[in-house]
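Structure record follows, encoded as structure tokens.
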Amino acid sequence: MSAPLPPHLLGLNPEQELAVTTLDGPVLVLAGAGSGKTRVLTRRIAHLLYNGVPAENILAVTFTRKAAQEMKHRVTELVGPAAEQVWVSTFHATCCRILRTDIEALGFTRRFAIYDDDDQLRILREVLRENPESELTPSKVLARIDFWKNRGYDPDRVVAEHREPKHGGLIAAWRAYERGLRAADAVDFNDLIGHVVKMFQEHPAVLERWRERFQYVMVDEYQDTNGLQYKLLRLLAEPRRNLAVVGDDDQSIYAFRGADVTNILNFERDFPNARVIRMERNYRSTANVLAVANAVVRVNEKRIDKQLRTDAAPGKPVNLRVLPTEEDEAKWVADAIGVFQRRDRIPYGSMAIVYRTNATARLFEQALGRARVPYRVAGGKRLHERREVRDVLAWIRLAILPVDDAAFLRIVNVPPRGIGPSTLAALRDAGQAAGQPLLATARSYATRAGPSAAALKGFLTLVESIADVARTGTPAELVNAGLVRTGYRDMLERLAQEEEGARRGLRAPRSESRERLLHLGQLLSDAAVFRAPDAGSAIERTQAWLDQFGLAESEEVVPEGGAVTLLTVHNAKGLEYPVVFSVQLNEGQFPHARALEDADGLSEERRLAYVAFTRAMSRLVITRSATRASNEFAPAKQDDPDKPPGRAPDRTASAPSPFLFGLPLDAVEGDLPGMTPTTGAPGLAPLTVGSKVSHPKHGAGVVKKPRDPRGVIVLFKGRPRAVAREDLTLVPERR
DNA sequence: TCTCGATCCATTTTT
DNA sequence: TGGATCGAGA
């Protein structure tokens, strides 16, 4: 006789139930796409609570805020308000909260600023100004620093491990960058996690407190953890080993930011006696969709062998389409969406267009606009990435944290007040000599007579006045001050009127400045609705608002009646749609040309394709274009209504994506010849470093550099040669 | 010394 | 497309 099951255990399959109820000790859940991963995590939290684990001892970490919100929401549905006390948040937000409590142990103040890439570049530009001849560019250095920090390295470690002089300049720049951050009392994105790790390692008492707090740790999308996050989890979970991770190595698509699939592959080694639970039953897609998705990812070498199964019907075949140009492709998709909506009564909100790169969005936006199909672009430019928003926030930041040099540099002359490069250079030199932040330097400068003294004085008065508001005001009042007192709003207002005057009569949607004012309005309302966590000073409340705002992702406004969603594959992860259009399946687009440059790149692109395809529940449509514009960066060609829609002059043929080779033919339909060439050599097969190729004249060789101005660099008998890509045939790898 | 317009350039994926 | 940089004019 068994007691009735509590509601959170109802309706689970045996694997899911095991994953939910195995509470103690390390657990690895290998959860294929659509196998009920979120369900397992939320039920598991419910089960912990049900078993008397206090809510505040539970930590669930995700990668995106959307995932965190979704999880919290679903736990609340299961257990009610008790869910409030459970920490469900992203890695970055979790670490941010930890640092706001304890960062003083590392010599920062609790008011520390969080630098986004814009601020990071500002620091690096300062750093690199020292020797302008250097070949280092700020963005290259930043990419490299990011790369290392993601893996948990510091400059000393890189020097020790590489001991190659070629990194000399880079390392020096990195060290200077770190000094810059510290001087500005700022941390970058990676530091949020890195500093917590460092603090835990150096201050056992602090670590002990947080271990006591988080007795049960859960991690979503474990395959996407990087070296730093891995360290963090180990530190937190080590003594009790109550660590449950959920993931799918086939969906590891964040290698570029340090995600390390070996974390999931080695889990059993790292946590001996781990319970491994495989969830291979897919509840999302039709059998045909799964067959196609499986075919794409199956050929990857480094993967845990598995096969997603479903009891669902085969469903409609996966539809493959080739269109003459990218524009035709976009138009065809837009039309198909219209047909689905009218003929099959599929709501717009149930359809999504998934692409590899953000730049693709515009093309499809235009086509959808012409076809009058409502759409929304997910993960487009986020509010806090917009220049005007960052500007206003910089005023606030500087008012709160006077040492924040990046904020200072950002707004010292915005709106323009006559503080130009030469004044700045003087400030910089004086500041550096005195070891003082820029704002303080400006203060001593303004008292002296000089050409820009008056302008500086005006600026300083402004900062003071905003700082006054910061001491007592709400975030909204502060935003308002940053908007009004600084003259920022007036500046935009004036510009908007000019722009609108200039384009009177034209059928222009909205002037750019008007658009910016709108964004600032959104900023203001975000601040206005912000609910500060608990008491605390006005400044602490503002800080909390800044934190959540800075770590937030795009606010999505869904038009009434639903809208087609446009998103990148990365953004699509974790989501599902009844109808999915996976577009631009051309070599060089998807897989992206840049990804072919390193050996593992192609595997990751395959996983991306797998993610894209498995978003589809009942219908998957895959499209590509037979030609592409040769110059992708040329301005878009204007459609001239008088001329027939002639082909743009410079187009080149494009090869189908290699992911389309070897699809199961009984699961697909459509333009098979253009999509899955079954005869002859597979066109221009993708070349990656290490690909084996053969050449009519030089014979067998190994690719050294697939993309080079001179052609493809291939090693023939150990000698590098540049050869034309067309002459190469790919020697198939053993399967 | 600053501002603004013209020109050139690179261009994946994101917390 | 947007950003960074450079030169002309204020």
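Note on naming: letters A, B, ... go to the chains in the order of the sequence lines (proteins, then strands), and numbering restarts at 1 for each one.
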Please report the distance, rounded to the nearest Å, between [atom1] in [X] and [atom2] in [N].
X       : N       : atom1 : atom2 : result
H592(A) : dA10(B) : NE2   : C1'   : 12 Å
L602(A) : dT12(B) : CG    : C1'   : 15 Å
L124(A) : dA4(C)  : CG    : C1'   : 16 Å
R494(A) : dT3(B)  : CZ    : P     : 12 Å
Q584(A) : dT13(B) : CD    : C1'   : 14 Å
E385(A) : dT14(B) : CD    : P     : 9 Å
D224(A) : dT13(B) : CG    : P     : 16 Å
R387(A) : dG2(C)  : CZ    : C1'   : 10 Å

Under 4.0 Å between a side-chain N or O of [X] and OP1 or OP2 of [N]?
X       : N       : answer
N571(A) : dT14(B) : yes
T423(A) : dT1(B)  : no
T568(A) : dT12(B) : no

Minimum-distance nucleotide (side-chain atoms of [X] versus [options]):
X       : options                  : result
N358(A) : dT12(B), dT1(B), dT13(B) : dT13(B)
R257(A) : dT13(B), dT14(B), dC2(B) : dT14(B)
S422(A) : dA4(C), dT1(B), dT3(B)   : dT1(B)
R594(A) : dT12(B), dT14(B), dT3(B) : dT12(B)

Between K37(A) and D248(A) (salt bridge meaning N to carboxylate O under 4.0 Å), is one present in this structure? no
Donor-acceptor contact below 3.5 Å, side chain R151(A) vs main chain F147(A): yes
Answer with yes or no whether the side chains of N586(A) and R624(A) bring together a donor and an acceptor at under 3.5 Å. yes
Donor on one side chain, acceptor on other, Q120(A) and Y177(A), under 3.5 Å: yes
Using a 4.0 Å heavy-atom cut-off, does [X] contact any base of the nucleic acid, only the sugar-phosphate backbone, or nothing at all?
X       : result
N413(A) : sugar-phosphate
Y254(A) : sugar-phosphate
I253(A) : nothing

On DNA chain B, nearest-nucleotide positions of G418(A) versus E605(A): which is more 5'? G418(A)
Take T62(A) and L424(A), find for each the nucleotide of DNA chain B with the closest heavy atom, and name the residue whose nucleotide sits nearer the 5' end. L424(A)
Contacts of type ring pair (Phe, Tyr, Trp, His ring centres under 6.0 Å), residue F112(A), not counting sequence neighbours: none
